[in-house]
Amino acid sequence: MIGNRSLRILVVEDDIMVALDAAEILQGAGYNVIGVADDFEEAMRVDAVRPPDLALVDLHLMSGYSGVAVAAALGKRGIACLFVTGSAPDRAAEAYALGCLLKPFDDRSLVQAVGAAEDVLDGRPVRALPRNMRLYRRFAVPRTESASIQAASHEILPVPGG
């Protein structure tokens with residue numbers, strides 16, 4: 001097991017079956033999934049009962065809300081978000097999340113993505129980043145001096161080996 005696995009996770013996904021599957025994968029990896037939600041209101045209800053440390057948020061949700069609205073609301077409460085979506089968000093949305101895990105992903109990529117988010121939240125260098133994940137530069141832990149110089153820009157990090 002990597003990390004302390006005490007990270008409390010909320011999964012916010014339009015397709016509740018996908019959310020439940022992600023929750024099961026993460027629980028199997030030892031993470032504490034505190035809830036799943038398919039829209040803004042449910043995400044806020046879960047947060048009110050037991051705030052997560054990290055929310056995995058799809059960009060397209062039910063009830064007309066976007067995942068960006070969920071990430072913005074959770075961010076105001078100090079909760080980190082990781083977008084999990086089929087297409088990368090526009091640059092304006094990047095301000096509300098640590099990064100983005102693109103669908104489709106496999107079990108290993110999901111667990112690695114949460115591990116990378118956990119590394120960032122704990123202030124550690126990111127140990128592993130799945131091929132289909134991007135961290136936004138303002139959250140990335142620089143690995144080299146040149147990366148440190150570039151970290152001030154607000155762009156998506158290239159994927160190692162990608």
Side-chain angles (χ1 to χ4, degrees), residues 3 7-15 18-19 22 26 31 33-44 46-47 51-106 108-162:
L7 194 68
R8 293 181 315 271
I9 301 170
L10 167 63
V11 180
V12 185
E13 165 67 52
D14 180 35
D15 184 334
V18 172
L26 293 171
Y31 284 104
V33 178
I34 61 163
V36 297
D38 64 359
D39 64 13
F40 182 90
E41 289 84 7
E42 184 61 23
M44 296 304 108
V46 171
D47 175 55
D53 300 307
L54 175 68
L56 305 181
V57 182
D58 191 356
L59 287 179
H60 307 287
L61 301 174
M62 306 207 34
S63 305
Y65 283 98
S66 74
V68 175
V70 171
L74 292 173
K76 286 180 183 176
R77 295 176 171 154
I79 298 161
C81 294
L82 176 66
F83 291 128
V84 180
T85 187
S87 59
D90 62 31
R91 291 182 57 89
E94 294 175 11
Y96 301 105
L98 298 173
C100 181
L101 175 65
L102 293 175
K103 295 176 182 175
F105 54 83
D106 58 19
R108 182 173 182 262
S109 293
L110 177 61
V111 173
Q112 268 188 333
V114 170
E118 185 176 24
D119 286 343
V120 171
L121 293 172
D122 288 345
R124 295 186 305 255
V126 175
R127 292 170 282 187
L129 197 64
R131 289 184 68 77
N132 53 337
M133 181 179 177
R134 303 289 188 269
L135 287 177
Y136 301 132
R137 284 202 185 269
R138 65 192 187 95
F139 291 107
V141 178
R143 291 180 178 263
T144 66
E145 188 173 319
S146 65
S148 181
I149 292 167
Q150 296 171 1
S153 70
H154 195 71
E155 296 176 359
I156 297 175
L157 281 175
V159 175

Q: For residues A43 and A37, report the shortest heavy-atom separation together with the two atoms involved.
A: N-CB, 3.5 Å

Q) Below 4.5 Å, heavy atoms only, C-beta onward: do D58 and K103 meet side chain to side chain? A) yes

Q) Which heavy atom of A116 sits nearest a heavy atom of L129, and at what distance? A) CB-CD1, 3.9 Å

Q: Decide yes or no for F83 and V68: does some side-chain heavy atom of the first lie under 4.5 Å from some side-chain heavy atom of the second?
A: yes

**Q.** Gap separating the OG atom of S109 from the CG atom of N132, nearest 0.5 angstrom
**A.** 4.5 Å

Q: Spell out, as yes or no, whether a donor-acceptor pair under 3.5 Å connects the side chain of R134 to the backbone of R131.
A: yes

Q) Are any non-hydrogen side-chain atoms of V57 and L82 less than 4.5 angstrom apart? A) no

**Q.** Minimum heavy-atom distance L59-P89, with the two atoms named
**A.** CD1-CB, 3.6 Å

(Q) Closer than 3.5 angstrom, by distance alone: can the side chain of R8 be matched with the main-chain N or O of V33 as a donor-acceptor pair? (A) no

Q) Going by heavy atoms in the side chains, are Y136 and C100 under 4.5 Å from each other? A) yes

Q.
For a 4.5 angstrom cut-off between non-hydrogen side-chain atoms, does V114 reach L7?
A. yes

**Q.** Salt bridge D122-R124, side-chain N to carboxylate O under 4.0 Å
**A.** yes

Q | Residue among V36, V11, L10 satisfying side chain to side chain contact (heavy atoms under 4.5 Å, CB included) with V46 | A | L10

Q.
Measuring only between side-chain heavy atoms, which start at C-beta, is D53 closer than 4.5 Å to I9?
A. no

Q | Test side-chain contact (heavy atoms from CB on, under 4.5 Å) applied to L54 and L98, step by step | A | CA-CA 10 Å; L54 175 68; L98 298 173; 4.0 Å; yes

Q. Does some side-chain heavy atom of T85 sit less than 4.5 Å from a side-chain heavy atom of H60?
A. yes

Q. Quick one: are D47 and P52 in side-chain contact, heavy atoms under 4.5 Å?
A. yes

Q | Nearest-0.5 Å distance that lies between atom CD in Q112 and atom CG in D119 | A | 10.5 Å

(Q) Tell me every residue that passes side-chain hydrogen bond (donor to acceptor under 3.5 Å, both in side chains) with D15, counting only those two or more places apart in sequence or in another chain. (A) none

(Q) Between D38 (side chain only) and D14 (backbone N and O only), is there a donor and an acceptor less than 3.5 Å apart? (A) no

Q | For the student: nearest non-hydrogen atoms of L102 and S87, plus distance | A | CD2-C, 3.8 Å

Q) Which pair of heavy atoms, one from L101 and one from M133, lies closest together, and at what distance? A) CD1-CB, 4.0 Å

